[in-house]
Amino acid sequence: MSSKHTSKDPLAQGRHFFEDVWDVVRQVPRGRVTTYGAIAGYLGSRMSARMVGWAMNAAHALPDVPAQRVVNRNGMLSGKAHFGSPTRMQELLESDGVIVEHDQVSDFARLFWDPAVELAL
DNA sequence: TTATTGACGGGTA
DNA sequence: GTACCCGCCAATA
């Protein structure tokens, strides 16, 4: 991360968007999952779910960011291809106690962890 | 410099 | 119910 501020209006975010994303993801409890849109909405940019994906890409270098707990709104492991192996994301989720079938989280609605609700800020 | 893409989501047809 | 289009911000070509 270096020294470049790409945000033209940092005050609007109060902080770097990526850092906020990582901070939220780190708060996702084991055995739970969240979505890109939920994180984006929690941060204030409801339609910038894509940026959460980019943040995850950058988070790849961070130790405590469980990106496997972040899936798309369908509960599908859309980012599994970006893990070490095609099955790595599923294995990590199963290790968390999450059932995954056909690249999709079982009982996704039940396991869904919404920062806007759980953090309730 | 502009154009296209990307770990997405919602609204509209 | 599915399909398509637009918008978000950043990085890459």
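Letters go in sequence order (proteins before strands), and every chain restarts at 1.
Spacing of P atoms, dA3(B) relative to dC6(C), comes out at 16 Å, to the nearest Å. For dA7(B) and dA3(C), the C1' atoms lie 22 Å apart once the distance is rounded to whole Å. Nucleotides dC5(C) and dT4(B), compared at atom P, are 15 Å apart to the nearest Å.
Under the salt bridge (charged side-chain N to carboxylate O under 4.0 Å, His left out) criterion, Asp114(A) pairs with no residue, sequence neighbours left out. Partners of Gln104(A) under the side-chain contact (heavy atoms from CB on, under 4.5 Å) rule, at least two apart in sequence or in another chain, do not exist in this structure. Considering only residues two or more places apart in sequence or on other chains, Phe108(A) meets the ring pair (Phe, Tyr, Trp, His ring centres under 6.0 Å) condition with Phe112(A).
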Checklist line | Where protein sits on nucleotides 7-13 of chain B, one letter per nucleotide: B base, S sugar-phosphate only, - none, heavy atoms under 4.0 Å | finding: BBSS---

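For Tyr36(A) against Gly79(A), the heavy-atom pair with the smallest separation is OH-N, 4.1 Å.
Residue Phe18(A) contributes atom CZ, which lies 8 Å from atom C1' of dC9(C) at whole-angstrom precision. Atom-to-atom, CZ of Phe17(A) to C1' of dG6(B) comes out at 14 Å; the value is rounded to the nearest Å.
The salt bridge (Lys or Arg N to Asp or Glu O under 4.0 Å) analysis of residues 68-77 of chain A, with sequence neighbours excluded, yields the pairs Arg69(A)-Asp96(A). Every pair tested for salt bridge (Lys or Arg N to Asp or Glu O under 4.0 Å) that includes a residue from residues 47-62 of chain A fails, sequence neighbours excluded, so the list is empty.
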